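Here the structure comes first, spelled out in structure tokens, and everything after it is commentary.
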There are 2 protein chains.
Amino acid sequence: MELSERIAGEIVMSEEPGKALRKWRQIFDISQKELTGHLGLSPSVLSDYESGRRGSPGVKMVQKIVNAMVEIDQNRGGGTLERYSEDSISEAIPDKREFTKGILAEEFIETIEGRVIGGKSRMRRILWGYSVIDSLKAITTLSSSDYLKVYGYSSERALIFLGVMYGRSPMVAIRSHPLKPGLVIFHQPGSIDPLAVELAEVEHIPLAVTDLPLDELFERLHKMN
Amino acid sequence: MELSERIAGEIVMSEEPGKALRKWRQIFDISQKELTGHLGLSPSVLSDYESGRRGSPGVKMVQKIVNAMVEIDQNRGGGTLERYSEDSISEAIPDKREFTKGILAEEFIETIEGRVIGGKSRMRRILWGYSVIDSLKAITTLSSSDYLKVYGYSSERALIFLGVMYGRSPMVAIRSHPLKPGLVIFHQPGSIDPLAVELAEVEHIPLAVTDLPLDELFERLHKMN
DNA sequence: CAACATATACGGCACTTGTCGATAATCATC
DNA sequence: GATGATTATCGACAAGTGCCGTATATGTTG
């Protein structure tokens, strides 16, 4: 899953590892000089690999190089990295934050005056952020790769769904998705499909409902920390 | 995406590549002897890598080894490979097949007397298999990693959902999942949620409904080729 | 516990990496 | 078309891989 592993894998399994190395260096837009500088090596080293004079670099070498590329990219603001992992933010996610310190699911629910309706077994989970999702916009405008972005840094977070009708679809989406949130909130749902509750139970994800007005909800979310 | 690349990536980026090598060899359940035999090498070679005497095998070495593991597994019937792409079959998927030659989505629909209700733009897609999914069982018994197994070798296949109520949840699941089918069929759905149709449209996945009795449906599926 | 299959350990040798530094070739671009 | 940055090429040498064969452990299982 790690991007660096994917890159490394591609390099290793490539016919000409040197070419693959170069490809990724260019994707990251880093010069041989900068890259080797970062590693305390002389530029000719990289050139030798890329051009194939050394045809089978050791895994430690590849490791160092890939890590260096990722680090350099990160120092620059992580542009490339992000382009290759998550996508640009869409309006389907009106709010999204990471906490500096964890907060118990229990407390989270309390703060937004939520009523727990399922997944009670894991109320003492620690959450590290939340994402607010406009259900309708999400399913109509988000691409599948966008879905990953719903989860920020940690998937141990609350997902708050707005505009929920029965709550069945969001829970099915969660069920079918490899990343699981630590808490699910429905904001002013129509009615609740028992299946939604059952899925929360099966996945051991606390599920709660809040009826706070939207602005009040955002208010309380922002005050959290 | 290639499993071999994922394995290679994991090996290369691992702290101890030797350990990772061993891990995968064991997952594939291949002895050092068999593996090295396949490569025309002596077993001590592998042992030396795995135990770390040679700490940084060259990429060509890793490549050879990973390829050998995959090949051996394939010669044996590809058990492990499959387990890592798809999982063991659950009753939520009563039927699932790969075709030997592709079939047009159009033809597929015709064969099962389907009525197209969305995603008409891509009727000439070629399908390479199908999976029948018992909707209720699927969402209640499949784990998220199981969901991958719905897709056999190719995601260019038809997904046939049984026991659909409105068709909303299956389409949302598809929407949120990175792998997309080439055709979606609902078997005797209750009513159809317009959103399901819209999603089919957005994803450019033909969506059709069939009212054939179940046994007749299976009959026709089996006759396909 | 034999007997067998499997895995580890290790000395040894040819060949390749890993690394430098210096020089030569490319490539923008002012 | 001269300047500066980027990449390519290459000889050199220490360190390490790639490979073998054999000897030794470490399991299994009849």
Side-chain angles (χ1 to χ4, degrees), chain A residues 7-69 71-73 75-76 79-80, chain B residues 7-69 71-73 75-76 79-80:
Chain A
I7 298 174
E10 192 182 322
I11 292 169
V12 173
M13 297 309 286
S14 151
E15 291 280 314
E16 285 143 310
K19 293 271 176 64
L21 267 171
R22 169 174 291 146
K23 168 181 147 184
W24 279 101
R25 182 176 58 77
Q26 287 172 340
I27 287 179
F28 278 100
D29 194 23
I30 303 175
S31 75
Q32 292 181 346
K33 184 145 165 238
E34 184 172 6
L35 191 49
T36 50
H38 190 89
L39 291 167
L41 296 177
S42 96
S44 63
V45 172
L46 235 199
S47 179
D48 280 346
Y49 291 127
E50 292 188 0
S51 62
R53 182 153 87 127
R54 303 271 186 267
S56 179
V59 302
K60 293 292 182 195
M61 194 68 212
V62 176
Q63 206 174 108
K64 281 197 306 198
I65 294 176
V66 171
N67 280 331
M69 292 197 295
E71 273 163 31
I72 291 174
D73 187 64
N75 288 155
R76 288 174 177 173
T80 303
Chain B
I7 299 174
E10 193 183 320
I11 292 169
V12 172
M13 297 309 287
S14 148
E15 290 281 316
E16 285 142 308
K19 293 272 175 60
L21 267 171
R22 169 175 292 144
K23 168 182 147 183
W24 279 101
R25 181 176 60 77
Q26 287 171 339
I27 288 177
F28 278 99
D29 194 24
I30 303 175
S31 73
Q32 294 181 344
K33 185 144 163 240
E34 184 172 8
L35 191 49
T36 50
H38 191 88
L39 291 167
L41 296 177
S42 98
S44 62
V45 173
L46 235 198
S47 178
D48 280 347
Y49 291 127
E50 292 188 357
S51 61
R53 183 152 84 127
R54 305 269 187 269
S56 179
V59 301
K60 293 292 181 192
M61 194 67 208
V62 176
Q63 205 175 110
K64 282 197 307 200
I65 295 177
V66 171
N67 279 331
M69 292 196 296
E71 273 163 32
I72 290 174
D73 187 65
N75 288 154
R76 288 174 174 174
T80 302

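Just so you know, these numbers come straight off a predicted model, no measurement behind them. Naming: A, B, ... by sequence-line order, numbering from 1 per chain.
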Next on the checklist: Rounded to whole Å, how long is the line connecting atom CG of Asp48(A) with atom P of dA12(D)?
Outcome noted: 15 Å
Item to check | Pairwise 5' ranking along DNA chain C for Arg25(B) and Gly55(A), keeping only the more 5' one | outcome: Arg25(B)
Checklist entry - So which heavy atom on Val59(A) is nearest to which on Pro17(B), and how close? => result CG2-CG, 3.4 Å
Item to check | Distance test, side-chain N/O of Gln32(A) to OP1/OP2 of dA8(D), below 4.0 Å | outcome: yes
Checklist entry - Just checking Gly40(A): base, sugar-phosphate only, or nothing, at a heavy-atom cut-off of under 4.0 Å? => result sugar-phosphate
Next on the checklist: Just to be sure I understand the rule, does Ser47(B) reach a base, reach only the sugar-phosphate, or reach nothing, if contact means heavy atoms closer than 4.0 Å?
Outcome noted: base
Next on the checklist: Using heavy-atom distances to pick each residue's nearest nucleotide on DNA chain C, tell me which of Arg54(B) and Gln26(B) is more 5'.
Outcome noted: Gln26(B)
Checklist entry - So, is Arg53(A) near the phosphate of dT16(C), with a side-chain N or O under 4.0 Å from OP1 or OP2? => result no
Next on the checklist: Test side chain to side chain contact (heavy atoms under 4.5 Å, CB included) on Leu41(B) and Met61(B); report intermediate values, then the result.
Outcome noted: CA-CA 11 Å; Leu41(B) 296 177; Met61(B) 194 67 208; 3.8 Å; yes
Item to check | Any Lys64(B) side-chain N or O less than 4.0 Å from OP1/OP2 of dC19(D) | outcome: yes
Checklist entry - Which part of the nucleic acid does Lys60(A) contact within heavy-atom distance under 4.0 Å: base, sugar-phosphate only, or nothing? => result nothing
Next on the checklist: Base, sugar-phosphate or nothing for Pro43(A)? Non-hydrogen atoms, less than 4.0 Å.
Outcome noted: nothing
Item to check | Atom-pair distance (CG on Leu41(A); P on dT17(C)), nearest Å | outcome: 16 Å
Next on the checklist: Checking contacts here: which listed nucleotide (dC20(C), dT6(D), dG18(C)) is nearest the side-chain heavy atoms of Pro57(A)?
Outcome noted: dG18(C)
Item to check | Tyr49(A) vs dG18(C): side-chain N/O to OP1/OP2 distance below 4.0 Å | outcome: yes
Checklist outcome for this item: Met61(A) atom CE is separated from dA15(D) atom C1', nearest whole Å, by 14 Å
Next on the checklist: Before you tell me yes or no, could you show the steps for Leu39(A) and Leu46(A) under side chain to side chain contact (heavy atoms under 4.5 Å, CB included), namely the whole-Å CA-CA distance, both residues' side-chain angles and the distance that decides it to 0.1 Å?
Outcome noted: CA-CA 11 Å; Leu39(A) 291 167; Leu46(A) 235 199; over 6 Å; no
Checklist entry - Taking atom NZ of Lys60(A) as the centre, does the number of heavy atoms from other residues, nucleotides or ligands within less than 6.0 Å exceed 12? => result yes
Next on the checklist: Below the 4.0 Å mark, does dT8(C) have OP1 or OP2 next to a side-chain nitrogen or oxygen of Arg22(B)?
Outcome noted: yes
Item to check | Phosphate OP1/OP2 of dC20(C) contacted by Ser44(A) side-chain N/O (<4.0 Å) | outcome: no
Item to check | N/O donor-acceptor pair under 3.5 Å between Gln63(B) side chain and Val12(A) backbone | outcome: yes
